[in-house]
Amino acid sequence: MIRNGRGAAGGAEQPGPGGRRAVRVWCDGCYDMVHYGHSNQLRQARAMGDYLIVGVHTDEEIAKHKGPPVFTQEERYKMVQAIKWVDEVVPAAPYVTTLETLDKYNCDFCVHGNDITLTVDGRDTYEEVKQAGRYRECRRTQGVSTTDLVGRMLLVTKAHHSSQEMSSEYREYADSFGKCPGGRNPWTGVSQFLQTSQKIIQFASGKEPQPGETVIYVAGAFDLFHIGHVDFLEKVHRLADRPYIIAGLHFDQEVNRYKGKNYPIMNLHERTLSVLACRYVSEVVIGAPYAVTAELLSHFKEPKRRGIFRQIDSGSNLTTDLIVQRIITNRLEYEARNQKKEAKELAFLEAARRHAAQPLGERDGDF
């Protein structure tokens, strides 16, 4: 188990209001390509109780039921651990949620989004806890899905950037890309995502720098918020005893200017929520200037002196480019494997049809 406690510094589990026993909540999942939709699910789950435990499945379990994940289990454990509403992470959580698991971690109930998760043999992974009345649902975040993000990478489109319309090609592709065997389409469309002040308030800490805290400003694209960003922000957090980290996020057009292609994959609104969900970040500047000026530092009441710039090595070689390559390779291998499987099934059905069409005396006994 990986315990976080409340806040980046960690701490013990606190009792509930009025000194009552803390309500312990369980969530689990793959948490591959973690985005603000995952963070919002965990935020809602945490609001249902006092202590949130999140189980993360292994690479082997995910490959068995859904196909190989993009990120390794160690990367996924650390990404979930960095979400500020998570109190504890349970590595290698079972894919099927049982009463035994809830009891093992003293959880009152589990929380999942209002979509169905199935095993490889088509069984609802939450069937047992639903029947026992120890299951709660939270609403999925409209306007984001892993399917959508992968679609943006494969199409090399800029339709998701702020103030740009979605192309008909992108919508048509996303419609077909997102459909599952039952015909249900999880595609929600970038144009449906509305950045509201309420959503920002839900994600933001709402706290201003306090006396004695060290204000640290960092800036960048923070696109596809990933483990490299987490490693960097964690190291920045360690620079002071009481850090107050402000993350400046560049406009989409600015990121595209220095990154090229169709970057950023996530637009400014989406990147804002992704960064705000990180336990090491206190505040976000939406649309920060590319150049850090004295006026900008003064705005945050930073001392007007020189020699305050530090370069931090995150220790991670993971970049957005590498992630995109991982995802595209993973998706192409997955599609190729499915095509090969479908070809085998069609060949089998054709052989069975020919066998059935033969007179009884001429049939091959091996079929």
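Position 1 is the first residue of the sequence; numbering continues from there.
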**Q** Can a donor-acceptor pair be found, under 3.5 Å and without considering hydrogens, that links the side chain of R326 to the backbone of D321?
**A**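 Absent.
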**Q** State, to 0.1 Å, how close L52 and D87 come at their nearest heavy-atom pair, and which atoms those are.
**A**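 Minimum heavy-atom separation between L52 and D87: N-OD2, 2.7 Å.
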**Q** Would you please test H112 and T117 for side-chain hydrogen bond (donor to acceptor under 3.5 Å, both in side chains) and show each step?
**A** CA-CA 9 Å; H112 187 65; T117 303; 3.0 Å; yes
**Q** Rounded at 0.5 Å granularity, tell me how far CZ in R139 sits from CD in Q44.
**A**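 Those atoms lie 7.0 Å apart.
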**Q** Within 45° of the axis and under 6.0 Å from the centre of the six-membered ring of Y126, does NZ or CZ of R134 qualify?
**A**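 Judged by the rule, R134 and Y126 form no cation-pi pair.
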**Q** Is the shortest side-chain N to carboxylate O distance from R123 to E128 below 4.0 Å?
**A**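 So R123 does not pair with E128 through a salt bridge.
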**Q** Do C110 and L102 touch side chain to side chain, with heavy atoms closer than 4.5 Å?
**A**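 Result yes, sub-4.5 Å side-chain heavy-atom pair found.
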**Q** Give a yes or no on whether a salt bridge exists between E60 and K64, defined as a side-chain N under 4.0 angstrom from a carboxylate O.
**A**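 Result for this pair is no, no salt bridge flagged.
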**Q** For the pair Y51 and D108, evaluate side-chain contact (heavy atoms from CB on, under 4.5 Å) and give the outcome as yes or no after the intermediate values.
**A** CA-CA 10 Å; Y51 193 84; D108 296 85; over 6 Å; no
**Q** Show, in sequence, the C-alpha distance, side-chain angles and deciding distance for Y280 and V236, and conclude whether the side-chain contact (heavy atoms from CB on, under 4.5 Å) test is met.
**A** CA-CA 9 Å; Y280 304 116; V236 171; over 6 Å; no
**Q** Is it the case that the side chain of R152 and the backbone of I265 share a donor-acceptor pair, with hydrogens and angles ignored and the cut-off at 3.5 Å?
**A**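 Between the backbone of I265 and the side chain of R152 there is a qualifying donor-acceptor contact (under 3.5 Å).
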**Q** Measure from the side-chain N and O atoms of T101 to the backbone N and O of T97, and report whether any donor-acceptor pair falls under 3.5 Å.
**A**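 No; judged by distance alone, with no hydrogens or angles, the pair does not exist.
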**Q** Can you find a heavy atom in the side chain of C27 that is under 4.5 Å from one in the side chain of L42?
**A**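 Side-chain contact under 4.5 Å: yes.
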**Q** Kindly give the heavy-atom pair with the smallest separation between F71 and L318, and that separation in Å.
**A**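 In terms of heavy atoms, the two residues are closest at CE2-CD2, 4.0 Å.
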**Q** Got a salt bridge between R271 and D252, using NZ or NE/NH1/NH2 to carboxylate O under 4.0 Å?
**A**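 Salt bridge: yes.
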**Q** If you look at every heavy atom in C30 and H57, which pair is closest and at what distance?
**A**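 Looking at all heavy atoms of both residues, the shortest contact is N-CD2, 3.7 Å.
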**Q** Using the rule that Ile, Leu, Val, Met, Phe, Trp and Tyr join whenever any side-chain heavy atoms are under 4.5 Å apart, tell me whether I62 and V90 fall into a single cluster.
**A**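 No, it is not one cluster - the side chains of I62 and V90 are not joined through contacts under 4.5 Å.
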**Q** Do T320 and D223 have side-chain N/O donor and acceptor atoms under 3.5 Å apart?
**A**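 Note: T320 and D223 side chains miss the donor-acceptor criterion.
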**Q** Does any part of the side chain of V215, heavy atoms only, come nearer than 4.5 Å to the side chain of Y217, both counted from C-beta?
**A**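 Side-chain contact under 4.5 Å: no.
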**Q** Give the minimum heavy-atom separation between P243 and I216, together with the two atoms involved.
**A**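 The pair with the smallest heavy-atom distance is CB-CD1, 4.2 Å.
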**Q** Between D124 and K130, is there a salt bridge with N-O shorter than 4.0 Å?
**A**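 D124 and K130: salt-bridged.
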**Q** What is the distance from atom CD of E254 to atom CG of L249, rounded to the nearest 0.5 Å?
**A**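 So the CD of E254 and the CG of L249 are separated by 12.5 Å.
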**Q** When rounded to the nearest 0.5 angstrom, what distance separates CD in Q41 from SG in C138?
**A**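 It comes to 4.5 Å.
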**Q** Give the minimum heavy-atom separation between E137 and M48, together with the two atoms involved.
**A**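 Looking at all heavy atoms of both residues, the closest pair is O-CE, 3.5 Å.
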**Q** Do I83 and V54 have side chains that approach each other closer than 4.5 Å (heavy atoms only, starting at C-beta)?
**A**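 No. Closest side-chain heavy atoms not under 4.5 Å.
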**Q** Measure centre to centre between the rings of F203 and W85, then say whether the value is under 6.0 Å.
**A**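 Under 6.0 Å, so yes.
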**Q** Do I286 and M266 sit in the same hydrophobic cluster, where Ile, Leu, Val, Met, Phe, Trp and Tyr count as joined when their side-chain heavy atoms come under 4.5 Å apart?
**A**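 Hydrophobic grouping puts I286 with M266.
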**Q** Is any side-chain heavy atom of F251 closer than 4.5 Å to one of L268?
**A**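 Yes, side chains in contact.
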**Q** Counting N and O atoms only, with roles assigned by atom type, does the side chain of R279 sit under 3.5 Å from a partner on the main chain of Q81, one being a donor and the other an acceptor?
**A**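 Looks like yes, one N/O pair under 3.5 Å.
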**Q** Membership question, hydrophobic clusters at under 4.5 Å side-chain separation (ILVMFWY): are V218 and L239 in the same one?
**A**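 Yes: a chain of side-chain contacts under 4.5 Å links L239 to V218.
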**Q** Using 0.5 Å steps for rounding, measure from the CD atom of E61 to the NZ atom of K66.
**A**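 E61 CD to K66 NZ: 12.5 Å, rounded to 0.5 Å.
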**Q** Flag the pair K235 and D231 as a salt bridge only when some basic side-chain nitrogen lies within less than 4.0 angstrom of an acidic carboxylate oxygen.
**A**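 So K235 does not pair with D231 through a salt bridge.
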**Q** Is the Lys NZ or Arg CZ of R136 less than 6.0 Å from the centre of F109's six-membered ring, within 45° of the axis?
**A**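 Ring-cation test returns yes.
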**Q** Would V230 and F232 count as a side-chain contact (heavy atoms from CB on, under 4.5 Å) if you check the C-alpha gap in whole Å, the side-chain angles of each, and the deciding distance to 0.1 Å?
**A** CA-CA 5 Å; V230 169; F232 167 71; over 6 Å; no
**Q** Give the cluster check for Y95 versus V56: same hydrophobic cluster or not, with ILVMFWY residues linked at side-chain heavy-atom distances below 4.5 Å.
**A**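 Different hydrophobic clusters.
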**Q** State whether E234 and K78 are salt-bridged, where the test is any N-O pair (Lys NZ or Arg NE/NH1/NH2 against Asp/Glu carboxylate O) under 4.0 Å.
**A**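 Yes, E234 and K78 are salt-bridged.
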**Q** For N106 versus R21, what's the shortest heavy-atom pair and its separation?
**A**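 In terms of heavy atoms, the two residues are closest at O-NH1, 4.5 Å.
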**Q** Is any side-chain heavy atom of I53 closer than 4.5 Å to one of C107?
**A**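 Yes; the side chains approach each other to less than 4.5 Å.
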**Q** Ignoring hydrogens and geometry, is there a side-chain-to-backbone donor-acceptor pair from R242 to P211 under 3.5 Å?
**A**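 Answer holds: yes.
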**Q** For D103, is the CG atom crowded, meaning more than 12 foreign heavy atoms sit under 6.0 Å from it?
**A**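 Above 12, so yes.
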**Q** When the ring centroid of Y31 is compared with that of Y77, is the distance short of 6.0 Å?
**A**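 No, ring centres 6.0 Å or more apart.
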**Q** In this structure, are over 12 heavy atoms from other groups packed under 6.0 Å from R20 atom CZ?
**A**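 Yes, the 6.0 Å shell around CZ holds more than 12 heavy atoms from other groups.
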**Q** Once you round to the nearest 0.5 Å, how far does CD1 of I327 lie from CE of M153?
**A**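 Between atom CD1 of I327 and atom CE of M153 there are 3.5 Å.
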**Q** Ring centres under 6.0 Å, that's the criterion: do F222 and H250 meet it?
**A**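 When the ring centroids of F222 and H250 are compared, they turn out to be at least 6.0 Å apart.
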**Q** For the residue pair S282 and K207, establish whether any side-chain heavy-atom pair is separated by less than 4.5 Å.
**A**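 A side-chain contact is absent here, since even the closest heavy-atom pair is not under 4.5 Å.
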**Q** For the side chain of R46 and the backbone of D50, is there at least one donor-acceptor N/O pair under 3.5 Å apart?
**A**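 At least one qualifying donor-acceptor pair exists.
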**Q** Tell me if a side-chain donor or acceptor on N40 pairs with a main-chain N or O of T141 at a distance below 3.5 Å.
**A**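 No, the answer is negative, given that no donor and acceptor are paired below the 3.5 Å cut-off.
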**Q** Please step through side-chain contact (heavy atoms from CB on, under 4.5 Å) for the pair V129 and T98, ending with a clear verdict.
**A** CA-CA 6 Å; V129 291; T98 62; 5.8 Å; no
**Q** If you measure from CG on N256 to CG on N262, what distance do you get to the nearest 0.5 Å?
**A**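 It comes to 8.0 Å.
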**Q** Distance-only, no hydrogens or angles: does the E283 side chain make a donor-acceptor pair with backbone N or O of V281 under 3.5 Å?
**A**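 Checked: no pair found.
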**Q** Got F225 and H35 here, is their nearest side-chain heavy-atom distance under 4.5 Å?
**A**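 No, side chains not in contact.
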